[in-house]
Amino acid sequence: MTDNSATLASAMMLVTPWPLLLSGLVLGLWANRRPRLFRKIVFGSAVFALIAAIGSAVATAIGWSRPATYFSFVLPDKLGVFKINIAVNPLTVTMLLLVAFVGMIVSHYSRTYMDGDAREGQFHRWLALTLGSFFTLIVVGNMWAFFVSWIATSLFLHELLAFYRDRPGAILAARKKYVLHRLADASLLGAIVLLVRTLDTSDFSGLGPALRSLHGPFPAGLSIAGALIVLAAVLKSAQFPFHGWLIQVMEAPTPVSALLHAGIIYTGAFLLLRMSPLLNLENGARDTLVLTGLLSIALTSLMMVTETNIKESLAYSTCAQMGFMLMECGLGLYTLAVLHIVSHSVYKAHAFLASGSVVDHFRAPSLLPASARASALRAIFGLSVGLGMTFAIGSGFGISFSRQPALVVLGIILSVAVSRLMLQVLDTQHAGTGRLFLDTALMSAAVCTAYFGLHRLFDLFLGTLLPTAPFPETPFQSGLLGAVAGVFLGLFLVQQFLPRILEKPIGRAAYVHLSNGFYIDILIARLVKEPAPAQARLHQPRTSRTHQSEVLS
C-alpha cells in the first residue's frame with residue numbers, strides 16, 4: 001500500500017466541504033443574479049459531498065484510513081496547536097455519511113421550495129456555507145479547528161433562520177438562538193483552554209492517553225472543563241429552559257427546519273461524544289447530563305401534548321429526543337446515543353419535508369374513541385407484555401441487563417413505548433381488536449428485535465472508539481436511575497389517562513401552564529427583544545398564546 005492510498009479516506013473527508021464553502025464564499029457574492037444556476041451549483045456540491053462521504057467510508061472499510069495533518073501552527077500562551085487534521089474513525093465517518101445524505105436531500109428539496117423567491121440565490125448561498133462548515137466540524141480532529149467550525153456553523157445558520165426579515169417572530173427566535181449560542185461558544189472556549197493547558201494536547205485523539213497518564217488527585221481545571229462542556233452541549237441542544245428558540249424558528253423556510261432538526265441540532269451531542277474520555281472520569285458532569293436530559297424529556301413531552309401546531313409539535317419532539325441523547329451520554333451508553341442520532345435524523349428530515357402528509361395524518365379520523373375505556377388493569381396488562389417482550393428479546397441478543405443498571409432503565413423505557421403501541425389497540429372498540437392486537441404485538445416484537453439488533457451492530461462498529469462507561473452504583477446514582485424509570489412510567493400513565501386527568505381542576509391548570517412553557521421563554525424573549533417602533537408594533541401578529549400577556553401583565 002502506498003502512502004497516498006493509506007490516506008485516501010482522510011483526503012476524501014478533507015475535500016468534502018470544499019465545493020460548498022467555495023461556492024458560498026466566492027460564487028455566492030453573485031447568487032441573486034443567476035439564482036437557478038447557483039442552486040444547481042449548490043446541489044451539485046451537495047451531491048459531491050455525499051459521494052466523497054461514501055468514498056471515505058469505503059476507503060476506511062478497506063484500511064486506507066491513516067490520519068493526516070494538512071496544516072498546523074503553534075498558538076501562543078501554551079494554547080497548543082491549531083491543525084487542519086482529519087479524524088478518520090467510525091464516529092466521524094458515520095456522522096459525515098448521515099449529514100451528507102440529509103444535506104443532499106435538503107438541497108434538492110430547496111430547489112423547488114425556494115423557486116421564484118426574491119432572495120432565492122442568497123438562501124442557497126447560506127445553505128451551502130452552513131453545510132460546508134458543519135461538514136468541517138465533523139471531520140476535523142483538532143479542538144481549535146472544531147471550535148472555529150462550531151462558531152461558523154452557528155453564524156451561517158443564523159442567516160437561514162432570519163431569512164425572512166419581515167417576520168418579527170422569525171427574527172426574535174433567531175436572536176434568542178444567537179444569544180444562547182454565543183454563551184455556548186464562551187463555554188466551549190473556556191473548556192478547550194483548560195483542557196489544552198492541563199493535558200498539553202489540542203487533539204481529540206490525545207484526550208484519552210493524556211487522561212490515563214494523570215497521577216494524583218483529579219485536577220480541578222478538568223472538572224470545570226467538564227462542566228463547561230456540559231453547559232455548551234445543553235445550550236446547543238435546546239434543552240429546557242433554553243428550548244424556546246427551537247420551537248419558534250418554524251417561520252424560517254421548511255428546508256431550514258429539516259436541516260436543523262435532522263442535523264445541526266446534534267452538534268451538542270457530537271461534542272459530548274468527542275469528549276467522552278473526559279466525561280467518563282467526571283461523575284458530576286454525567287449526573288448533570290442525566291438530570292438535564294430527564295427534565296427536558298418530561299416537560300417538553302408534556303408541552304407537546306398541549307401543542308396544536310403540527311410543526312411546533314415536531315419541534316417539541318426534537319427537544320425531548322435531544323434530552324434522551326444527552327441522558328444516554330450521561331449514562332455512558334455512547335453507541336446507543338449514536339444509534340439514536342442516526343434514526344432520529346432520518347425520521348425528522350422526512351417528517352419536516354413531508355409535513356403536508358403529517359397534517360393529513362392528523363386530520364384523518366382517529367381509530368381511538370374518546371379514551372373512556374382506558375383502565376388501570378388494561379395499562380398494567382399492556383406494560384407487563386411490553387416488559388416481558390423487551391427483556392426477553394434483549395437477553396436473546398446477549399444484552400447483559402444484570403451487569404448494567406443503566407441498560408435496565410433503557411429496557412424499561414423501550415417497554416413503555418412498546419406498551420403504548422399495544423394499548424392504543426386495546427382501548428379501541430373496533431370489531432377486529434383481537435386480530436389487530438396480535439398484529440401490533442408482532443410489530444412491537446419486530447421493533448424490539450430491530451432495536452437490539454442495531455444496538456449490537458453499533459457496539460461492534462463503535463465499541464472500541466466509544467466503549468460503554470458503566471454508570472456509578474452509588475446511592476445517589478441508583479436513585480437517579482430510579483427517577484429516570486419513574487419519569488417514563490409517569491409519562492406513560494399521563495398519556496393513557498389524559499382525558500380523565502383533564503377533567504380535574506389541577507389537570508386543567510397544569511395544561512394551561514404547560515401550554516405556555518411555564519412562561520420562562522417569555523422572560524427570555526423580553527431580555528433579547530429589541531424595542532420595536534410604535535408603527536411596527538401595530539402590525540405585529542398576535543401571539544398564538546393570547547393569554548400570555550394577561551398572565552404576565
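Both backbone and side-chain heavy atoms feed into the values below; hydrogens, waters and symmetry mates do not.
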Any side-chain heavy-atom pair from [X] and [Y] closer than 4.5 angstrom?
X      : Y      : value
Ile506 : Ile501 : no
Leu489 : Leu383 : yes
Val416 : Leu491 : no

Determine the interplanar angle of the Tyr316 and His243 rings, folded into 0 to 90°, and report it as parallel if under 30°, tilted if 30 to 60°, perpendicular if over 60°.
-> tilted
Taking the six-membered ring for Trp, are His455 and Tyr451 parallel (under 30°), tilted (30 to 60°) or perpendicular (over 60°)?
-> tilted
Please check if the distance between the ring centroids of Phe123 and Tyr164 is under 6.0 Å.
-> no
How about His181 and Trp150: are their ring centroids closer than 6.0 Å?
-> no
Thinking salt bridges, do Glu159 and Arg119 make one under a 4.0 Å N-O criterion?
-> no
How close do [X] and [Y] get, counting heavy atoms only, and between which atoms?
X      : Y      : result
Ala320 : Ile297 : O-CG1, 3.4 Å
Gly507 : Leu502 : O-CD2, 3.9 Å
Leu127 : Leu259 : CD1-CD2, 3.6 Å

Give a yes-or-no answer on whether the side chains of [X] and [Y] include a donor-acceptor pair shorter than 3.5 Å.
X      : Y      : value
Asp459 : Tyr334 : no
Ser515 : Thr306 : no
Gln248 : Lys176 : yes

Does any N or O in the side chain of Gln239 come within less than 3.5 Å of the main-chain N or O of Ser237, such that one atom is a donor and the other an acceptor?
-> yes
